[in-house]
Amino acid sequence: MRVGAFLLSAQFPGQDHGEALERTVSAALAAERAGLDAVWLAEHHFVPYGVCPDAATLAALLLGRTRRIGVGTAVSVLSTRHPVALGEQAALLHLTSGGRFTLGVGRGGPWIDLAVFGGGLEAYERGFPERLDLLLRWLRGARVGASGPQFAFPEVAVVPRAAEPGPGRRRELAGWLGLEGAVIPRQRQDEAPPARSGPPVVVACTSPGGVRTAAERGLPMLLGMHSGDEDKREMLAAYRAAWRAVGRGEEQLARVEREHVAAGVAQVDDRAGAARASLLRAMPDFFAHGLGAHRTVDGRERTMRDPRAYTELLCDLHAVGTPRQCADRLLATAERTGIRRFALLAEGSGDTAATLHNLARLGAEVLPQLS
């Protein structure tokens, strides 16, 4: 099992933006010390729910501050980003970090962000597949052009190139230079560079359409905190059905399913009641303060979960309790769903010192029970 930390850069009531971001950086360093597999960074605009507006930029900082741990975005919002610009960032982080970067993408929500950044409601409601396909072509190709309804531009070279083949590299180099048919000097076999793949890509899935989009492109899913084990099972079944409907093979399916990520919550304490109380003291006000600040782009009505009931639900669904209870909860989800990769929100107390202590206990007292 691979357990990582999910970092919202949450601004709890009474905190300023710098304090929230400093807690995120400190938590990432603590996660590496604790032996966690990865940190996953959220991205939001204009709301205190999360004050990091560019998860890839924050990932660059954390990749420079760490040496071992993986760093991923959860997620970079494609509805408000140009896929080529994001692809360039992802390639840069992949190549300069030794492959420690994972690009998580999603379509976001129908928020005012769409008006500010110019994508409009169309980008959210119907534009995600085109944006994702352009991003994937950029990450996997040597030259890319576009002729879709959202993006149209002449073919250009992909620089820096995140994925490079091995044996066929000379032929592709000729194409990249516009010299098809030219003879490229043969490299000695022992000098041939190994094939290099691009950064892993995961897709946030909250609806049947998102599940189909991920499966049809052979990409693993990132499932949200609100999903219980039965919800996860249903989404995994839908994923397999969509995968098989496009004729993909079972061996590749097994490989991709090992890369699905489930977001959750982790709060470790000596007593289950104390762990739960830590979250119930801080998270309801945070949810009311943070989620309540969202504005829709078109004025549509939106409903918000009751903040206390939502916190209670998260405590029921996830790794909240003693070290043994937290381990049992994660093991049960793995047994019921097959998911063995987790991104756990560890900052639910809202306090930096408590968050760092929580991560240390997660690494020292929970992880050893998962092997």
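Just so it is clear, the model here is predicted, and its values are computed rather than measured.
At most 12 non-hydrogen atoms from other residues, nucleotides or ligands lie less than 6.0 angstrom from CZ of Arg271. The number of heavy-atom neighbours closer than 6.0 Å to CZ of Arg68, taken from other residues, nucleotides and ligands shown, is above 12. Enclosure of atom CZ in Arg131 by more than 12 non-hydrogen atoms of other residues, nucleotides or ligands within 6.0 angstrom is indicated. Heavy-atom neighbours of Arg324 CZ from other residues, nucleotides or ligands within 6.0 Å: above the threshold of 12.
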Requested in this report: Begin with the C-alpha distance, continue with both residues' side-chain angles, and end with the deciding distance and a verdict on side chain to side chain contact (heavy atoms under 4.5 Å, CB included) for Arg302 and Arg295.
Outcome: CA-CA 9 Å; Arg302 57 179 292 263; Arg295 291 170 55 198; over 6 Å; no

Requested in this report: Please assess Arg258 against Arg340 for the test side chain to side chain contact (heavy atoms under 4.5 Å, CB included), listing each intermediate value before the final yes or no.
Outcome: CA-CA 7 Å; Arg258 289 195 289 270; Arg340 303 181 64 82; over 6 Å; no

Report task. For the pair Leu345 and Glu347, evaluate side chain to side chain contact (heavy atoms under 4.5 Å, CB included) and give the outcome as yes or no after the intermediate values. Result -> CA-CA 6 Å; Leu345 179 72; Glu347 62 181 332; 3.6 Å; yes

Report task. For Asp270 and Arg361, run salt bridge (Lys or Arg N to Asp or Glu O under 4.0 Å): C-alpha distance rounded to whole Å, both residues' side-chain angles, the deciding distance at 0.1 Å, then the answer. Result -> CA-CA 10 Å; Asp270 293 332; Arg361 295 196 70 174; 2.8 Å; yes

Query raised in the report: How far apart are the C-alpha atoms of Thr322 and Asp269, what are their side-chain angles, what is the distance that settles it, and do they pass the side chain to side chain contact (heavy atoms under 4.5 Å, CB included) test?
Result: CA-CA 5 Å; Thr322 66; Asp269 210 307; over 6 Å; no

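Salt bridge absent: Glu216 and Arg248 never bring a charged side-chain N and a carboxylate O closer than 4.0 Å. With respect to the salt-bridge test (charged N to carboxylate O, under 4.0 angstrom), the residues Arg81 and Asp54 qualify. For Asp316 and Arg276, the salt-bridge test passes: some basic side-chain N is under 4.0 Å from an acidic carboxylate O. Ion pairing between a basic and an acidic side chain is recognised when a charged N comes within 4.0 Å of a carboxylate O; Arg67 and Glu32 show no such pairing. Of the charged side-chain nitrogens involved, at least one lies within less than 4.0 Å of a carboxylate oxygen, so that Arg2 and Glu259 count as a salt-bridged pair. We find that Asp306 and Arg308 are not joined by a salt bridge, their nearest charged nitrogen and carboxylate oxygen being 4.0 Å or further apart.
By the 4.5 Å heavy-atom criterion applied to side chains, Leu136 and Arg217 are counted as neighbours. Val116 places none of its side-chain heavy atoms less than 4.5 Å from the side chain of His45. The closest side-chain heavy-atom distance from Leu86 to Trp138 is not below 4.5 Å. Taking the side chain as every heavy atom from C-beta outward, Val144 and Leu134 approach each other to under 4.5 Å.
Using a distance-only test at 3.5 Å, with no hydrogens or angles considered, no donor-acceptor pair links the side chain of Asp285 to the main chain of Ala282. Between the side chain of Asp37 and the backbone N or O of Val3 there is no donor-acceptor pair closer than 3.5 Å. One N or O on the side chain of Arg161 and one on the backbone of Gly141 form a donor-acceptor pair closer than 3.5 Å.
Among residue pairs with one or both ends in residues 261-300, those qualifying as ring pair (Phe, Tyr, Trp, His ring centres under 6.0 Å) are Phe12-Phe286, Tyr49-Phe286, Trp111-His294, Phe287-Tyr310; sequence neighbours excluded.
Asp229 and Thr333 share a donor-acceptor pair across their side chains, judged by distance under 3.5 Å alone. Residues Ser9 and Thr24 bring a donor and an acceptor atom of their side chains to less than 3.5 Å of each other.
For the atom pair Gln150 CD and Ser79 OG, the distance stands at 8.5 Å (nearest 0.5 Å). Once rounded to the nearest 0.5 Å, the distance linking CD of Glu19 with OG of Ser26 reads 10.5 Å. Rounding to the nearest 0.5 Å gives a distance of 7.0 Å between CG of Leu317 and CZ of Arg329. For the atom pair NE2 (His260) and CE (Met221), the distance works out to 4.0 Å, reported to the nearest 0.5 Å.
Stacking of Arg107 on the aromatic ring of Tyr124 is recorded, both the 6.0 Å distance cut-off and the 45° axial limit being met.
Ala31 approaches Leu359 most closely through the heavy-atom pair N-CD1, 4.3 Å.
Taken together through direct or relayed side-chain contacts under 4.5 Å among Ile, Leu, Val, Met, Phe, Trp and Tyr, Leu219 and Leu93 form part of one hydrophobic cluster. Using a 4.5 Å cut-off between side-chain heavy atoms of Ile, Leu, Val, Met, Phe, Trp and Tyr, with links allowed through other members, Met225 and Leu236 fall into different hydrophobic clusters.
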